[in-house]
Visitor: 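This structure is in structure tokens; I'll ask about it shortly.
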Amino acid sequence: MRILQGMIALALCVPLLAREPVRARQAMVVAQEPLATDVGVRILKSGGNAIDAAVSVAFALAVTHPQAGNIGGGGFMLIRMADGRSTFLDFRERAPGKATRTMYQDAKGNVTKASVEGWTSSGVPGTVRGLEYAHSKFGSRKWAELVTPAVELARTGFEVSYGLAESIKGSPKLPLSAESKRIFIGAAPGDTLKQPELAAVLTRIGRDGAKDFYEGETARLLSAAMAANGGLITVDDLKSYAVIERKPLTGTYKGYGILTAPPPSSGGVGLLQMLGMLNGSSYEKAGAGSAESIHFVAETMRRFFADRSKFLGDPDFSKLRLDDLLAPAYVRQRALSIDPSRATSSATLQPGLPEPERGGQTTHFNIVDAAGNAVAVTYTLNDRYGNGITVPGLGFLLNDEMDDFTAKPGSPNAFGLIQGDVNAIEPGKRPLSSMTPTIITRDGQFFMALGAPGGARIITSVLQVFLNVVDFKMNLQDAVDAPRFHHQWQPDVLSLERGISPDTAILLRVRGHKLNDSPGVVPAQVNAIVRDGSWLQGASDDRAGGKAAGY
Ligand code: GLY
């Protein structure tokens, strides 16, 4: 029997992974940390809707997943209600009023580490206002009820997992902050991690709403700590922080409707451009994991990231050429420049639109409720544990999101991304992101929600999981588990995850790809939900140890 299965898998060129997703009839939560997933399921079971559950999961992750769950960072929430309404909430961090274009360059013009280390690396956090905004427009339960589970987790503590303990041990930044050291360093698997200062902040947020964080006691303490430590965020920066409601980017692929992240994320543009180049190419006929299909998809990645480097940034500060970047004729012309048998050299491939007009660690979760409302949230501190600084007395970690701006055109950021003037630092501006919360529809109904942490690799990982489901007919867990690859134009390297066969790697080298030689490159960790007839499939990415649960 096993031999026969192996033969069938080979014939279909589909890796025989065979892990089942979690299945549920009514509702599903998939998040990167199990206790937070459980909080979401409890809120849904007690009658909350998907937005209520998203608020609770986000606050819970700020306690149980300090690597990226946060109140000191920012992110995006994509919402699609069962009646078809959709919106995109942008609660991305903003550059403080005192930020300057060259603030991360020394006197000689060299890029310093200050965009990822120390108090000046933080943008003005947006998470708390973003969650409050989502709740006020779409929530159904009382705000305080939704914050309470996080307060309890912070106050009474939770059991430190092996993964969290290892992650804390491996963090180069946490030991640099006395407060982070006191709270996190030395936490061992099985210990109870209590965060009383964070519990106090969350209690105030539960009582007073976002006002506490932006105008109240927390704002006062945060801005005082910034001033005392040379940081830039002031009382005014906090008070003036605003959530922006944007229209999701939309597109189609083989009959599926796509709702995805608009700028200041580059993710949605990337997803739609790459799908546009793949559509009609028949790349999938070569089979999942084949050198031929990997080559073609990698070439679409290379072309998108070249465009990203030049054309994308905060739409409120520059006129972006989205219509040009997504025009079918332009995308087709980019696809036609792909040689099916030979890698294009990134040195010769330039961003594709003509002159003159003139992109860690994050976390993603999805929720679908019994009514069919769907939420996809990606939020972040940028690097794992952000800049590593816990604000004394407040118990939360600060982001280092300023590194997503262009510190200097041509110099790579922490994700190796080369970025341009359009993403230069300006006061009040939002840095270009790769976060790609995405919801897919089929025949006007919810079909799939997905997203991931992982910087530039988010966009390419979301693409591959979607293709695995739609083009390679994998069940959702197999689609998430299948080994992935990544190309971002510069550096001109194709990264293959462990699990892609050495023979395939040789065939890709023969096509001219420069492969990443460090084994086991970890791609972004995708969490996803799919509707499968009358069932929901949920899959968390075991690369990150999350949990899918439903009922
Ligand atoms: N901080 C990673 C991103 O937004 O892409």
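Note that this is a predicted model, so its numbers are computed, not measured. Just so you know, ligand 1 is whichever comes first in the structure, and atom 1 is the first atom listed for that ligand.
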Visitor: What pair of heavy atoms forms the shortest contact from Asn399 to Gly72, and how long is it?
Guide: ND2-O, 2.8 Å
Visitor: Can you list the residues that meet the side chain to side chain contact (heavy atoms under 4.5 Å, CB included) rule with Thr87, with sequence neighbours excluded?
Guide: Ile79, Leu89, Phe138, Glu245
Visitor: I need the contact type for Arg92 against ligand 1. Using non-hydrogen atoms and a strict under-4.0 Å cut-off, is it side chain, backbone, both or neither?
Guide: side chain
Visitor: Where's the contact between Asp404 and ligand 1, heavy-atom distance under 4.0 Å: side chain, backbone, both or neither?
Guide: side chain
Visitor: May I ask you to list the atoms of ligand 1 that are less than 4.0 angstrom from any heavy atom of Ser434?
Guide: 3 (C), 4 (O), 5 (O)
Visitor: With no hydrogens and no angle check, do the side chains of Arg303 and Thr344 hold a donor and an acceptor under 3.5 Å apart?
Guide: yes
Visitor: Going by the order shown, which atoms of ligand 1 are within less than 4.0 Å of some heavy atom of Met435?
Guide: 4 (O), 5 (O)
Visitor: Do Phe59 and Val39 make a side-chain contact, defined as non-hydrogen atoms from C-beta onward lying under 4.5 Å apart?
Guide: no
Visitor: Using ring-ring contact (aromatic ring centres under 6.0 Å, His included) as the criterion, list what pairs up with His487, not counting sequence neighbours.
Guide: none
Visitor: For ligand 1, which atoms have a heavy atom of Glu401 less than 4.0 angstrom away?
Guide: 1 (N), 2 (C), 4 (O)
